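Since the structure comes first, as structure tokens, the remarks are kept for the end.
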Amino acid sequence: MLVQRCTSAHQPLGAVMLVGPVRTAEDLTALTRWLETTPENIDELPQRLRWNQQHRRQATRN
């Protein structure tokens, strides 16, 4: 999932954040709560939903 913060006029405020994968109802609940907080980075998400961090670690092993 791609998430990007924006103003009330829908102007982007930062970079797109990659989140997921969202596989369970629990994942969806965590993602919804995170989005309701007006997130600034993915560090506030549970580890399993931090797509960038998971795949960056795997890429270093290749």
Side-chain angles (χ1 to χ4, degrees):
M1 174 174 287
L2 301 173
V3 177
Q4 185 175 32
R5 292 181 60 228
C6 64
T7 67
S8 59
H10 303 288
Q11 297 297 317
L13 288 176
V16 172
M17 295 177 274
L18 298 170
V19 177
V22 179
R23 294 184 175 141
T24 65
E26 184 179 310
D27 290 347
L28 183 58
T29 299
L31 177 59
T32 302
R33 287 184 182 149
W34 178 71
L35 290 170
E36 289 172 343
T37 67
T38 314
E40 301 221 5
N41 61 58
I42 64 171
D43 293 337
E44 299 157 0
L45 275 172
Q47 182 67 38
R48 68 186 181 279
L49 295 175
R50 297 180 195 173
W51 194 90
N52 265 353
Q53 292 175 357
Q54 289 176 1
H55 292 289
R56 190 176 313 140
R57 274 196 310 269
Q58 289 175 358
T60 61
R61 295 182 198 149
N62 293 336

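When reading the values below, keep in mind they use all heavy atoms of this one structure, side chains included, and skip hydrogens, waters and symmetry mates. Note that the structure is a prediction, hence the values are computed from the model and not measured.
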Worksheet item: What's the shortest heavy-atom distance between Leu49 and Asp27, and which atoms?
Response: CD1-O, 3.7 Å

Worksheet item: From Met17 CE over to Arg50 CZ, what is the distance, rounded to the nearest 0.5 angstrom?
Response: 12.5 Å

Worksheet item: Is there a side-chain contact between Arg33 and Thr37 (heavy atoms, below 4.5 Å)?
Response: no

Discussion item. How close do Leu31 and Met1 get, counting heavy atoms only, and between which atoms?
Written reply: CD2-SD, 3.3 Å

Response to the item:
Correct closest heavy-atom pair for Pro46 and Ala30 would be CG-CB, 3.9 Å

Item to complete: Using atom types as modelled and distance alone, determine if a side-chain donor or acceptor of Gln4 lies under 3.5 Å from a backbone N or O of Leu13.
Response: no

Discussion item. If you apply the rule side-chain contact (heavy atoms from CB on, under 4.5 Å), what do you find for Val3 with Val16, and how did you get there?
Written reply: CA-CA 6 Å; Val3 177; Val16 172; over 6 Å; no

Fill in: Nearest heavy-atom neighbours spanning Ile42 and Trp34
CA-CZ2, 4.0 Å

Worksheet item: Does a sphere of radius 6.0 Å around CD in Glu26 hold more than 12 heavy atoms from other residues, nucleotides or ligands, not counting ones at 6.0 Å or beyond?
Response: no

Response to the item:
Heavy-atom nearest pair, Asn41 first then Asp43, reads OD1-N, 2.9 Å

